[in-house]
Amino acid sequence: MSRLVVSDVCKAYTGKNTTDSVVALQNVTFTVAHNEFCSILGHSGCGKTTLLNMIAGFERLTSGKLLLDETPVGKPGWERAVIFQDYALFPWMTVYENIAFGLEMKKVPLKERTYVTEQHVQLVGLAGFEKRYPHELSGGMRQRVAIARALAVDPHVLLMDEPFAALDAQNRAMMQNEMIRIWETERKTVIFVTHSIEEAIKLSDRIIVMTCRPGHVKENIVVDLPRPRHEEDPAVTTLKRRIRSLINKELEDESCTAKKNGL
Amino acid sequence: MEQVVDKAQSKTLKVSVLSQLRNLTLLSILLIAWQLISTKLLSESMALLMPPPTALATAAWELIKSGELLHHLLSSLKRELWAFLLAAGAIPLGIAMGWWKIVHNQMDPLIEILRPIPPLAWIPLSILWFGIGDSQNVFIIFLGIFFPILLNTITGVKNVETNLIRAARCVGANEWNVLRRVVFKAAFPQIVTGIRVGLGVGWMALVAAELVGASSGLGFLINDARTMLRTDIVIVGMLTIGVAGLLIDVIIRKLSRRLLPWSVGLSK
Ligand SMILES: Nc1ncnc2c1ncn2[C@@H]1O[C@H](COP(=O)(O)OP(=O)(O)OP(=O)(O)O)[C@@H](O)[C@H]1O
Ligand SMILES: [Mg+2]
């Protein structure tokens with residue numbers, strides 16, 4: 001079981017002076033069920049990355065609780081693998097070595113390591129590219145390596161921060177379909193940060209819509225539609241319209257800093 | 001298809017050889033002028049101070065034949081190598097300084113004081129400490145190599161992308177593995193740059209150290225030749241120092257490109 005509970009989480013970044021401090025998140029509360037695909041949607045600067053970094057263990061919470069299977073999350077570890085927007089592949093390692101890296105760190109015996117690595121090379125469709133270096137790959141392929149590297153250690157939760165934002169529209173659509181296929185093969189609890197309403201609806205079981213900064217949960221929407229979801233499907237368009245109006249309303253809100261900054 | 005490629009390749013090869021040759025035009029003219037001036041225009045005593053290229057070639061050939069040049073070159077290279085091996089200690093120190101703030105804060109004042117002192121300024125003190133000989137020479141060269149490696153390593157470590165470190169941690173790497181497998185590797189191109197700069201500085205310091213405190217080496221060779229007014233040997237020695245320095249740099253660049261195929265920044 002891997003259930004993630006986010007309970008009353010606040011995060012303030014303190015600057016040099018007290019006036020410099022930024023409250024990024026305020027009383028964020030939601031729960032992600034075991035093997036659920038949960039998207040986090042919100043305007044730029046509302047604290048999505050901050051939340052993900054805290055779940056990963058890269059940053060500390062100011063207050064509140066983050067529980068993974070009833071235990072508070074601590075230092076970064078393989079139970080919470082992260083996929084970054086800029087891929088963060090090790091440029092001095094081949095595709096194969098990148099994917100095997102986590103298994104090596106976990107001290108998985110060589111035989112099993114080889115098996116699991118090869119399996120994940122297959123899973124993300126990179127057979128034949130094992131010996132290539134990251135700089136020899138396209139953006140989409142690099143992101144596949146990053147996905148395989150994270151999945152290979154068999155994490156309890158997969159954290160993804162706008163993983164497809166750097167890809168062009170075509171590659172992006174393809175990677176979304178790939179993501180669904182991969183996730184259906186290897187079920188995981190996923191937290192998926194995105195800017196795109198379409199992407200969130202296409203992929204998620206649950207969508208957390210955030211307010212502007214300081215971010216908290218504006219709406220917790222369960223998407224109970226069969227996959228694959230088509231854009232023309234009336235249920236999808238209705239949901240899209242609903243979320244868009246939520247987000248637009250958020251922009252009209254007086255206190256929205258994003259609007260004040262002209263974003 | 002292949003033929004077209006072949007033709008294109010042989011054409012570009014021809015063109016590149018031609019343009020390389022063209023780049024040597026000025027040098028050739030100067031050499032010829034030098035030859036003419038020192039054989040035809042200068043008086044004999046003046047020509048002694050400025051021997052013509054042909055005389056240099058003869059002197060070089062004599063030195064090579066007797067094995068003297070190789071002997072001095074090797075003893076200089078040996079000192080440079082020893083100093084480099086000792087100065088490689090700057091790599092772990094630099095990693096520690098780039099990684100742990102406390103190490104940086106403690107070491108930094110010390111290094112900031114020592115670093116601006118040119119290696120040559122250490123020569124008098126080092127002669128008193130070590131006497132004249134290999135250890136004194138190695139010490140001076142060591143100072144030349146050490147700081148470039150140290151500073152570049154620190155910069156390299158500080159500039160490692162945060163996400164690479166995070167990516168390693170979140171698939172289970174511990175501190176030691178993060179340092180060894182990620183930070184060191186990511187900083188490596190910068191460390192190699194430090195080694196290149198360091199060996200260059202060291203090579204210059206080497207010759208200076210040998211001028212005053214050695215009984216072998218290229219620096220000794222040219223200084224010794226000076227006392228006997230053998231300007232031809234002096235100049236041959238100088239050219240050998242230049243060529244050897246260039247070769248060291250070329251070798252390291254070639255090696256690093258071979259060893260770091262992923263590193264684009266090193267190609268220049
Ligand atoms: N290390 C930090 N120090 C100070 N303030 C920070 C830091 N990181 C983020 N912030 C602030 O916290 C707020 C939330 O940032 P965060 O990066 O989490 O937003 P985001 O929702 O991920 O935005 P985007 O969609 O643009 O990626 C921003 O106002 C940002 O300026
Ligand atoms: Mg972000």
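The chains referred to below are lettered A, B, ... by the order of the sequence lines, with proteins before strands, and numbering in each begins at 1.
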Heavy atoms from other residues, nucleotides or ligands near CE of B/Met238 exceed 12 (cutoff 6.0 Å): no
Non-hydrogen atoms of B/Ala167 and A/Ala88 that approach each other most closely: CB-O, 3.8 Å
Side chain, backbone, both or neither of A/Val82 within contact of chain B (heavy atoms, under 4.5 Å): both
Distance in Å, A/Ile55 CD1 paired with B/Cys170 SG, rounded so as to fall on 0.5 Å steps: 13.0 Å
Which portion of A/Phe58 sits near chain B, non-hydrogen atoms under 4.5 angstrom: both
Over 12 foreign heavy atoms within 6.0 Å of CZ, A/Arg3: no
Steps toward side chain to side chain contact (heavy atoms under 4.5 Å, CB included) verdict (B/Glu161, A/Asp86): CA-CA 11 Å; B/Glu161 276 174 61; A/Asp86 60 0; 4.0 Å; yes
A/Leu159 versus chain B, the contacting section by heavy-atom distance below 4.5 Å: neither
When A/Met93, A/Glu79, A/Glu104 are compared by non-hydrogen pairs under 4.5 Å with chain B, the top option: A/Glu104
Non-hydrogen side-chain atoms of A/Trp92 and B/Leu259 separated by less than 4.5 Å: no
Neighbour count >12 (heavy atoms, 6.0 Å) for atom OH, A/Tyr115: no
Atom NZ of B/Lys78: over 12 foreign heavy atoms under 6.0 Å: no
Leading residue by heavy atom contact count with chain B [cutoff under 4.5 Å; candidates A/Pro91, A/Gly57, A/Ala81]: A/Pro91
Spatial distance of atom OG1 (B/Thr162) from atom CG (A/Asn53) [nearest 0.5 Å]: 10.0 Å
Chain B contact via A/Ala56 - which portion, at a heavy-atom distance below 4.5 Å: neither
CZ-CZ distance between B/Arg166 and A/Phe84, expressed to the nearest 0.5 angstrom: 7.0 Å
B/Arg181 CZ to A/Met105 CE distance, which is reported to the nearest 0.5 Å: 4.5 Å
B/Val171 versus A/Ala150, closest heavy-atom pair with distance: CG1-CA, 4.5 Å
Greater than 12 external heavy atoms within 6.0 Å of B/Met204's CE: no
Considering all heavy atoms, the nearest A/Phe101-B/Val182 contact: CZ-CG2, 4.3 Å
Within 6.0 angstrom of B/Ile102 CD1, more than 12 heavy atoms from elsewhere: no
